[in-house]
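Along the sequence shown, residues are numbered consecutively beginning with 1. Worth knowing before you read on, the calculation uses all heavy atoms, side chains too, and leaves out hydrogens, waters and symmetry mates. Counting starts at 1 for both ligands and their atoms, in listed order.
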Amino acid sequence: MKIDQISPEAPLKQESKLAASKIASATRPVRVGDVNIGGPGFAIIAGPCSIESREQFLQTALSVRSSGAVLLRGGIWKLRTNATSFQGLGPGAMGFVKEILDETGMQLVTEITDPRQIEILDPIVGMYQVGARNMYNYALLKELGQTRKPVLLKRGFSALIEEWLKAAEYISTGGNDRIILCERGIRTFETATRYTFDLNAVLIAKKRSPFPVIVDPSHSIGQAEFVPALSLAAAVAGADGLIVEVHPRPAEALSDGPQSLTLEAFRDLTLKIERVLGALERPMLKPLEI
Ligand code: PEP
Ligand code: MN
């Protein structure tokens, strides 16, 4: 299905008039479990960059849920620039990850790096994440078009907004239009930050596509101390949500420690987001009561 064939109106009719009036005119909400992304509520997805152990993942999951995260992120397969860096626990993590999802009632957002992982991941995944490095992996996107799970499509760090939207069509053409876009920073001449946060892209992607658009401030700026400010800016600018990296002990993280929020910093951030959204009369989605 092409983007312009997807009716932006259809799902909105199911929303209350009040709710529909508060969301961006053409955004079609995508449901992940019980979480409706792209509706009136702002969705917070949080968790570690990599799932490192049962203890680390469970501690993070329980904490981020109590702080207001509605979905849990965690990498099982990692695409690292260095071939010798930690590559993720892979299938060895499946057993305890499933137990933690059952225990917390949370849905998992995890990166898929190879179409052959669909069979293993499908039973546990709530939403597939396509990483920046795979935005152009059309074979992977086509396979995800055949699944019925939502897909979080990150923008390639050198991709034009148009290329990103066209990549989404590789998924929707296969029949899966449950797509959420994620701006995660682009490569520019600037080296003081890991990437350059492109808030422009959020506005344009929301205007030009029916898909909800969220941001990933962690990978954009690459420094934990600045993640809250970017998160608040995105919430005010009208992003549909945020995906943020959180680790109980960032200094010991096997990947992306410098940009990972502590459990306490994450709690502080969600409180601030809720206050800022309140001033805009916009709700923050709340985790389910277990
Ligand atoms: C990640 O989410 O940990 C990740 C590797 O992100 P990106 O693909 O945006 O670099
Ligand atoms: Mn990461």
Considering only heavy atoms from C-beta outward, does the side chain of F57 approach that of P48 to under 4.5 Å? yes
Taking the side chain as every heavy atom from C-beta outward, state whether I45 and L242 have any atom pair closer than 4.5 Å. no
Are R184 and E245 close enough for a salt bridge, meaning some N to O gap below 4.0 Å? no
Can you list the ligand 1 atoms lying under 4.0 Å from a non-hydrogen atom of [X]?
X    : value
R133 : 10 (O)
R73  : 1 (C), 2 (O), 3 (O)
E245 : 1 (C), 3 (O)
R184 : 7 (P), 9 (O), 10 (O)

Looking only at distances, can you tell me whether any N or O atom of [X], backbone or side chain, sits closer than 3.5 Å to an N or O atom of ligand 1?
X    : result
K154 : yes
G131 : no
D216 : no
K78  : yes

Show your reasoning for whether salt bridge (Lys or Arg N to Asp or Glu O under 4.0 Å) applies to E55 and R249. CA-CA 12 Å; E55 180 273 329; R249 294 165 299 278; 3.3 Å; yes
Expected output: side-chain Q129 to main-chain G131 donor-acceptor under 3.5 Å: no
Treating R178 as the side-chain partner and R31 as the backbone partner, does any N or O pair qualify as donor plus acceptor under 3.5 Å? yes
Please lay out, stage by stage, how E274 and K286 fare under the test salt bridge (Lys or Arg N to Asp or Glu O under 4.0 Å). CA-CA 10 Å; E274 195 168 16; K286 287 291 166 72; 2.7 Å; yes
Only one of L141, T113, N137 passes side-chain contact (heavy atoms from CB on, under 4.5 Å) with V130, and that residue is L141
Short side-chain donor-acceptor distance under 3.5 Å, H219 and D256: yes
Do any heavy atoms of C49 fall under 4.0 Å from ligand 1? yes
What's the atom name of the N, O or S in D256 nearest to the Mn ion (ligand 2)? OD2
Closest approach of any protein heavy atom to atom 4 (C) of ligand 1, naming residue and atom: H219 NE2, 3.3 Å
In this structure, atom 8 (O) of ligand 1 is nearest to the protein heavy atom A132 N, 2.7 Å
At the Mn ion (ligand 2), what is the angle formed between atom OE2 of E245 and atom NE2 of H219, rounded to the nearest 10°? 90°
